[in-house]
Amino acid sequence: MSRNHYSYTTYSDPEMARTFDARRFGGPIGDRVATTQARVLTNLIGTIRNRVILDVGTGTGRAALFLARGGARVTAVDASSEMLAVARRRATEEGAPVRFLVGDAHMLDFPDRSFDVAVSLRVIMHTRHWQPCIAELCRVAERLVIVDYPSAHSFACVESMARRLAHAAGLETEPYRVFTDRTIAAAFASHGFRIRSVHRQFVLPIAFHKAIGSRRFTIAIEALLERAGLLGVFGSPITLVAERCASS
């Protein structure tokens, strides 16, 4: 697999690895994103203790460490040695027994059905070829696969197009892709999985909420939009759990 794609080069930057958590989860809105992510993982997985879980694209290890704190036996892989260095340091500081390995979401070096659950957050939106990544997650998971993605029916679609244009013009950005629910469901169905549950986070863009920088405002306006029925239509990002069908 060629490694000249931005999903490899961007995250191999030591400065990106050092500042990633602050950029993604810093401030009141970043903290809300992190808190929601932990709650959603718990709800989608169910019992975490003693589950054998694979975290693909672990980055700095936030999800892997959360799962390990809950008593799961966690293996976490990432293509970036720089991001893994941060993850390993955090695990050492916490005394968390997570096994961190260099690996590629397109070609996971594990036997079929070797994990109860495979988790992959903020990966398929960025990776070069997303379909093989879904296939690999389904291959190594015995029961559940959890992924997230920006919805094509949300403000993320506009931002995605803007970033793609900027990237084509030579600007340094991450031109992520968006997905329809139907596309994702069909991809899982082709590997014998069905969507069991979904969670939609925001109606308004995360960038907008971060620009406002008020947790109280975000909670209030998003609750209003949810009551208006907009979250179920335009909510993004979407986190879902797919389960293996009995016949597969």
Side-chain angles (χ1 to χ4, degrees), residues 1-25 33 37 54-64 75-88 100-110 115 118-141 145-152 154-181 183-184 186-188 190-191 205-207 236-240 242:
M1 183 68 63
S2 172
R3 297 179 68 89
N4 61 358
H5 189 254
Y6 82 87
S7 60
Y8 295 106
T9 58
T10 297
Y11 297 103
S12 65
D13 177 9
E15 181 64 12
M16 168 62 81
R18 187 183 68 81
T19 61
F20 178 80
D21 276 0
R23 293 185 187 187
R24 175 66 177 162
F25 301 110
V33 169
Q37 183 184 91
L54 175 66
D55 181 21
V56 178
T58 190
T60 58
R62 177 173 290 270
T75 298
V77 303
D78 201 279
S80 169
S81 297
E82 290 75 14
M83 298 288 271
L84 286 174
V86 176
R88 289 187 178 111
F100 289 106
L101 302 170
V102 175
D104 194 308
H106 299 86
M107 299 172 290
L108 296 172
D109 191 20
F110 304 105
F115 298 91
V119 176
S120 190
L121 303 177
R122 288 181 57 80
V123 172
I124 65 171
M125 64 186 285
H126 289 301
T127 192
R128 182 189 287 272
H129 303 295
W130 68 273
Q131 293 97 330
C133 297
I134 294 289
E136 282 293 270
L137 291 167
C138 293
R139 181 183 65 79
V140 302
V145 174
I146 296 173
V147 300
D148 64 355
Y149 61 94
S151 171
S154 72
F155 283 105
C157 186
V158 177
E159 183 184 50
S160 173
M161 287 190 291
R163 287 198 183 190
R164 286 176 178 273
L165 289 172
H167 186 74
L171 300 179
E172 187 174 334
T173 185
E174 299 172 71
Y176 66 83
R177 65 174 63 86
V178 296
F179 300 87
T180 65
D181 298 347
T183 296
I184 294 296
F188 276 105
S190 69
H191 299 290
I206 292 177
S236 185
I238 296 172
T239 306
L240 66 81

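Computed from a predicted structure; not experimentally measured.
- Between Ser7 and Thr127, the shortest heavy-atom contact is OG-CA, 4.1 Å.
- Applying the salt bridge (charged side-chain N to carboxylate O under 4.0 Å, His left out) definition to pairs two or more places apart or across chains, those involving residues 4-22 are Glu15-Arg18, Asp21-Arg62, Asp21-Arg90.
- Evaluation of the ring-ring contact (aromatic ring centres under 6.0 Å, His included) rule for Phe179 yields Trp130, Tyr149 as partners, not counting sequence neighbours.
- Here the CG-CG distance, from Leu84 to Asp78, works out to 5.0 Å after rounding to the nearest 0.5 Å.
- Across all non-hydrogen atoms, the minimal contact from Met125 to Pro150 is CB-CD, 3.6 Å.
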Enumerate, atom names and distances included, each donor-acceptor pair closer than 3.5 Å involving a side-chain atom of residues 161-175, sequence neighbours excluded.
{"unit_1": "Arg163", "atom_1": "NH1", "unit_2": "Glu174", "atom_2": "O", "d": "3.2"}
{"unit_1": "Glu174", "atom_1": "OE1", "unit_2": "Tyr11", "atom_2": "OH", "d": "2.3"}

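- With rounding to the nearest 0.5 angstrom, the CD1 atom of Ile124 is 4.5 Å from the CD1 atom of Ile134.
- The two atoms that bring Val140 and Ala118 nearest to each other are CG2-CB, 4.4 Å, heavy atoms only.
- Note that OG1 of Thr10 and NE2 of His5 are 9.0 Å apart. Values are rounded to the nearest 0.5 Å.
- Of all heavy-atom pairs between Ile206 and Pro237, the closest is CD1-CD, 4.1 Å.
- Between Ile146 and Thr239 the shortest side-chain heavy-atom distance falls below 4.5 Å.
- Here His126 pairs with Tyr6 under the ring-ring contact (aromatic ring centres under 6.0 Å, His included) rule; sequence neighbours left out.
- Looking only at distances, no side-chain donor or acceptor of Thr60 sits under 3.5 Å from a matching main-chain atom of Met83.
- The shortest side-chain heavy-atom distance between Val147 and Leu121 does not fall under the 4.5 Å cut-off.
- Closest approach of Ser160 and Arg177 over heavy atoms only: OG-CA, 4.1 Å.
- Annotation: the span from Asp109 atom CG to Leu101 atom CG amounts to 9.0 Å, rounded to 0.5 Å.
- Counting heavy atoms from C-beta outward, Ser80 and Tyr8 have side chains that stay 4.5 Å or more apart.
- By the side chain to side chain donor-acceptor pair (under 3.5 Å) test, Thr183 pairs with Thr180, sequence neighbours left out.
- Residues Ser81 and Val102 meet the side-chain proximity criterion, which asks for heavy atoms closer than 4.5 Å.
- Not one N or O on the side chain of His129 forms a donor-acceptor pair closer than 3.5 Å with the backbone of Gln131.
- Summarising the geometry, atom CG belonging to Leu54 is positioned 10.5 Å from atom CD belonging to Glu136; distances are rounded to the nearest 0.5 Å.
- Under a 3.5 Å cut-off, the side chain of Ser236 and the backbone N or O of Ser151 do form a donor-acceptor pair.
- Every residue meeting the ring-ring contact (aromatic ring centres under 6.0 Å, His included) condition with Phe110, not counting sequence neighbours, appears here in chain and number order: Phe115.
- Residues Asp181 and Ile238 form a side-chain contact, since some pair of their non-hydrogen atoms from C-beta on lies under 4.5 Å apart.
- Judged by distance alone, the side chain of Thr58 and the main-chain N or O of Asp55 form no donor-acceptor pair under 3.5 Å.
- In terms of modelled atom types and a separation under 3.5 Å, the side chain of Arg24 and the main chain of Val33 share no donor-acceptor contact.
- By the 4.5 Å heavy-atom criterion applied to side chains, Arg128 and His106 are counted as neighbours.
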